[in-house]
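These numbers come from a predicted model, not from an experiment. Letters A, B, ... are given to chains in the order of the sequence lines, protein chains preceding strands, and every chain is numbered from 1.
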Amino acid sequence: MTTITPQATKDAPPGQGAVGGSRTLLSFVGGQNLSLIGALAVVLALFGILNENYLSVSNMQVIAEAATITGLLAVVQTVVIICGGLDISVGSQVGVASVVSAMVFTSTGDNALLGVAVAVGVGVLVGVLNGLVIVYGRVNPTIATLAGLAAYKGLAQLLSDGRAQGYVLNDDIFVFLGRGKVAGIPAMVWILIAVAVAVHLLLTRTDIGRNIYAIGGNDTAARLAGININKYLVAVYALIGVVAAIAGILLTARTGSGQPTSGSEGLELKAITAAALGGCALRGGKGGIGGTLLAVALLGCLENGLTVEGINSFWQNVAQGALLVIAVVIQQRRSGERAVGLPT
Amino acid sequence: MTTITPQATKDAPPGQGAVGGSRTLLSFVGGQNLSLIGALAVVLALFGILNENYLSVSNMQVIAEAATITGLLAVVQTVVIICGGLDISVGSQVGVASVVSAMVFTSTGDNALLGVAVAVGVGVLVGVLNGLVIVYGRVNPTIATLAGLAAYKGLAQLLSDGRAQGYVLNDDIFVFLGRGKVAGIPAMVWILIAVAVAVHLLLTRTDIGRNIYAIGGNDTAARLAGININKYLVAVYALIGVVAAIAGILLTARTGSGQPTSGSEGLELKAITAAALGGCALRGGKGGIGGTLLAVALLGCLENGLTVEGINSFWQNVAQGALLVIAVVIQQRRSGERAVGLPT
Amino acid sequence: MCPAPSPTPEPDPPATGQNVTSGAAVHDLTKRFGPVQALGGVTLDFPGGQVTALMGENGAGKSTLLKILTGDHQPTGGRITLEGQPLTLESPARARAAGIRIIPQEPEIIPYVSVAENVYAGALPTSAGRRLDRTELRRRVTADLDRLGFTGVLDPDLLGSQLTPAQRQLVEIMRAVTGEAKVVAFDEPTSSLSEHEVDALFRLIRRLRDQGTAVIYVSHRMQEIFQLADRIAVLRDGNLVGVQDARSTSVDELVRLMVGRDLSTMFTRRRADRGRLVLDVKDLTTEDVRNVNLQMHAGEVVGLAGLVGAGRSELALALAGDRPVLSGTVTLDGQRLRHGRPGEVIRAGLGLAPEERKAQALFLHRSIRDNSSLVVLERLRRLRFVSRAAERKLVQQYADRLRVRAPSIEHEVRKLSGGNQQKVVLARWLARKPKVLILDEPTRGIDVGAKAEIYQIIADLAEEGVALLVISSELPELLGLADRVVVMQNGRVTGELGHEDATEEAVLSLAMADDIAGVTPAGASS
Amino acid sequence: SSGKESADDDGPAAPVTGKISLTYLQKQGDQEYFVGEAEGAKEKAAELGVDLKVVNLGNDANKTVSEVQSAIAQKTNGIIIVVPDPAVGPQVVRTAKDAKVPLLTSDDQICATGPDPSACDKADLIPRIGFSGSQMGGEVGKRAAEEFKKAGWRAADTRVISAWKQDVTVCGDRVKAAKEAFDAAVPGVEKTDVATDNTPTGAQDKIAATITANPKVKHWVIWGCNDENVQGGVTAMKNAGVGADDVIGVGLGAYLACKDWSGGKPSGMKAALFINGRDVGALAVQTMYDKLKNGKEFPSESFAPTTMVDAGTWKSAGVTCN
Ligand SMILES: Nc1ncnc2c1ncn2[C@@H]1O[C@H](COP(=O)(O)OP(=O)(O)OP(=O)(O)O)[C@@H](O)[C@H]1O
Ligand SMILES: Nc1ncnc2c1ncn2[C@@H]1O[C@H](COP(=O)(O)OP(=O)(O)OP(=O)(O)O)[C@@H](O)[C@H]1O
Ligand SMILES: [Mg+2]
Ligand SMILES: [Mg+2]
């Protein structure tokens, strides 16, 4: 009957493939992301022709830096979506971390490391709290984190009294985080790269990652296979807490002070958009970091290009919505999804 | 042996019950919504004790009126969630309708009916567009309407140049919609009641409603049962377009002019929150109008009560988040969801 | 019914485990689901080195017992012992660690990971910390496939979402027998397998038994039970009504124990004359089906036979309008059917009760009533409002006729036992009364009593002039029912046998036509 | 009812005798300026022995109507409001008038008979306490022009960036006034509008893109709707390697500008208009109190003082920096 073909099929999810070096890049990108790469190429070419400076190194740095905070959140959002959850509270968590880092920094006589450490600690606590509510309160992840969206925003406002707090740009560490460059690449972008690579390896190369795919793909199967789903869920939300805290610290470093809401509101939608555009199935079990990062890059290049061209924000909204749909339609056509029935 | 006993059990899902009059009310409320009713009673009692004016007729009218626009959107959001979709663009659709109604009104020499008609017409177009993108573009509903969120907002801003348009409070129809009362109940609340009852009957009493539940419950099975899923999806999104347009017209009537974004931004999250709190499963196939309306009422009473008590908005955020979680936790405990595994 | 090996009617005392310290046992086990008492105090041992079969009607509590043994459900009362030691199973992980495995009735597959990872989920091999060792994983899975004889049928690199029902079942089986297993329970493992895999499975079960593993085997197929079991425990309404020695009991006795009355188990259908032509399939070609020609007449029962993946289900779906048709035509009562429009096909008068009830037919969170009435709503409505009284009456009628076991027709379908869920699917199409009805594995997971009932219903429908296409992997059943048997392989019809010529051997040789070198497909008979 | 009935105007309401309760409805209540305004109002209320409730309206015109109704249902004695959008003004005025509750506005003007205060009959304007958007913009433009002249730049290699959230009407007013004041003093400098979301990071990203698009520009002048926009712009300049000497940023609010100055390093943030929300909040409560307690008519408009501050003067001007 059928014979076993040992190589991975073309449908294999990204990061499933072999161990070898050249395969790794392709697996990181993922075959099904080719249309995203195409869209990215079109955007780069288009704006590159319209404006000679668009493709300059400095503008690429600007784009990368502007996309970093969204990128970090999109990476962890990908993880939680793969395991069948969602985190709508990420933006508020960023606000909390931003305020905490700046306030601790200021109140401990400009101790940057302590500020960073406490912010990350608070991030872990918030993430674990989310996880516990979901697991032991048996609350749907969407509802639980919707509640978190309001509650943590309130927390950040209460801590800061609604104002920007502290001033950190007299400190070398924060200045480095906000403006430093290593090998021509901004420090924040390095952080994004480090987090993305770590999470990618986690998802594709460890049994932990594979278990995350299992939980999102079929929770009953995962439970019967003896995977401790509860532990995994709490851990994933804690991971989100940590990465959101890092994003909050970067926000502080960029703006110079702790921002309770400014700069973090609405990030959840951007992160989810990027993850979904990057190929995550919102019902879980499917997706990868490669696609998400491509989507982040695409959205970032688009936004920057529209601004460079001086297009007003109303048209930008229309253009972004339309382009998002077009990118996905092309992606779907290519992958040959069936037309009859619910196209999820 | 065969053990079908003809009486209905208490497990019957909401809106399933018998034909008789007294059963109808219970079926409308739904057995599993008892914890929502409990929460509502607690909120009413608490604020009623704290403040003598809280339970007054005039304050109840205020609460009902304030909740109307969210309520309308939550009702249609319930329908689309039941059939397995989602509409994140409702807020932006409201903005478009608000602007269109006011601008048409003003530019046709104060013809209110024409303003209303054109706004509804545009609503149908927008809804059908959403549906077509989802069905024929095979785009995931979340992504498609996320794109719509941006695009229609941009559209409203472009139409209005980003500012409030027209002035309608010199017209009897708009004044009646915004401030009129019938039998002591505000006109807008009557509209909500009419829409809710119509949609409830549609969902529970007609074959159309059954088919909507079927599509959300298992799309493959629905397709094999001969349901034209595509037609249904487009129709449901068109329904959303119409009701969002009505909401937009009411927004115009209430604020006196066409508002491109103010008063409509963020409504999608409120509507989804209400639907989910009211018992809709976000993966489709489950939910009902009764639960959603109760959730709208609960959130409305809570918000009003917190404001009445002069609690600042930061604490309100924290309180709303916390109470949302508590309500759901209690609901889950009561319905005895299993603790192990993903609690969706 | 299936012919049983002639048993010796010798009333031996129920066999107990020869060795009390091996295998598992349950003591006074009870389980309630709200108002439903699924188990009412069952005391039973599953000794090592023996195959204990568990029988009983749909909803008797067999799956529930197994789910408790694997920690998936918590018992309301009672104890479990393993090798004589008390054991609390607070989670599936605990049960797995203790060496208790189950192949559940409905395979649970993880969609977007490979077969290999599906098999080893929860116990993936790692090296250097938690690094997934893919080489080792592949080695193990390949070895497992080899050992179990599934090498040809299951590619370890396929994704879970790409598997056929049979392949999904094989994955479940592989999952259960990896590692150290002391107790292995099979919950109707053969319901979606064909002969070839069944043979491999039986070899596996016998090997496990010989290694001293306690095997629990749940099935509604008498033939298998007598082939495999050492002892047979019968459940009725959640209570143990007897444990029989397999060598000394008989089919009739088991049936009496299960249903509490005598039942004629053999099925013979009075064959009517063939009516007018209702369904005419000409050169139908889809992605998985090639050049199929098929004619069906009113009042005729056509059996469709074939091995796993022969394309029978694909053909059924294509006829139901759910597959893109590349070429060919389907004509129903003179009306040419357009493809891609299942609704139109249903209205034209063709119904399909599909193979995978959970994925393709049922709305698990809705009531029996909602599920059963879905395709007849247009007859029950006035001005689009559905008449509830008429609906309830109709559904009740078919639920009674099929003996659906539930507190009421308002019960959610997900709370029903597997067999009862299947009956709900059948009820839907019986209520619709189409001109042509395709039943894909209609008796999958159905108990003896209900099976007889379904055979009767099929006969009645044929009598009423319905043309029936029955797909079944249980050959005896197919041969008993069908007026003629159409055999498929690799998406092609390889032959057709009249009732008289249709023997198991003839069908199988057509089903494996390609594999038997030099044999040309037999020409269509009758 | 048809909703049209309106209470007859039967003269000024009698002075309130018991404890006075007031409601202060604010747009964007989570923004720094309005937080300060609320604090000023609360301090004043405590001093006068008045019961004061502060409600945050966000940017929601619909919530504005609801909260006005709610305050009336709570039997408040007077309403002070900062509307998110002047277009909702007539509805607010009507609702308050029907309930015979005195209405005072702060910060943003509203008109009783139409959506546009600038096209409103003087008599129909509601009494108002606050700053004038066009006056603030004018100050900013004027100061920017002064700085420009002081720096001795040429118009040809200078570019002005106006950064604001383009769907916020009052932002548009401020920026427009700044442009006019600047043009009056220094004609001929090219201007670029940058659409932001009024947050520092949003402004930083967008202005960074604008710098990219205009590599030939040597000197930059930045203003915007608030301090966030200007600070984000100044940071983007710094990151793009534009020296502090080549940037003139004129903030609006001074609450973020002061942070740049407190670092003591040279900054592109050259000045900022200090507007003290506390003063406005306190003055509004006092005015309402006088009316309710003593029957003193509202003045048609009263302004709280604004001060232009810079790195040298901000501390003495009373700017507090968190
Ligand atoms: N999750 C559940 N909730 C409520 N009732 C349940 C649930 N699972 C099983 N039951 C009920 O428990 C009883 C026993 O079901 P079980 O699945 O054990 O039957 P079974 O013997 O395996 O039948 P079958 O042969 O049809 O698979 C049935 O009445 C069923 O409706
Ligand atoms: N061993 C296999 N390996 C890969 N694909 C298979 C295999 N067996 C079947 N398929 C796929 O299954 C489809 C046809 O199977 P179908 O479900 O129609 O068969 P069937 O005769 O109903 O058998 P059964 O339902 O018993 O599996 C085809 O898409 C075929 O590619
Ligand atoms: Mg079972
Ligand atoms: Mg099949």
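- Ionic pairing of A:R210 and A:D207 is not present here: no N-O contact between side-chain nitrogen and carboxylate oxygen is shorter than 4.0 angstrom.
- Note on C:K67 versus C:D187: no salt bridge recorded, every NZ/NE/NH1/NH2 to OD/OE distance being 4.0 Å or above.
- Counting heavy-atom pairs closer than 4.5 Å to chain C, the top residue among A:G209, A:A225, A:G284 is A:A225.
- For the 3.5 Å distance criterion, the side chains of A:S89 and A:D87 qualify, holding a donor opposite an acceptor.
- If you tally non-hydrogen atom pairs under 4.5 Å between each of A:L201, A:L224, A:N228, A:I227 and chain C, the highest count goes to A:L224.
- Using a 3.5 Å distance cut-off with no hydrogens or angles, the side chains of C:D144 and C:Y120 do pair a donor with an acceptor.
- Using a 4.5 Å cut-off between heavy atoms, C:R96 touches chain A through its side chain atoms alone.
- In terms of heavy-atom pairs under 4.5 Å with chain A, the best-connected choice from C:E108, C:R94, C:R101, C:R175 is C:E108.
- When each of C:T70, C:I109, C:D133 is scored by its heavy-atom pairs under 4.5 Å with chain A, the top score falls to C:I109.
- With hydrogens and angles left out, the side-chain atoms of A:N211 and A:Y232 include a donor and acceptor closer than 3.5 Å.
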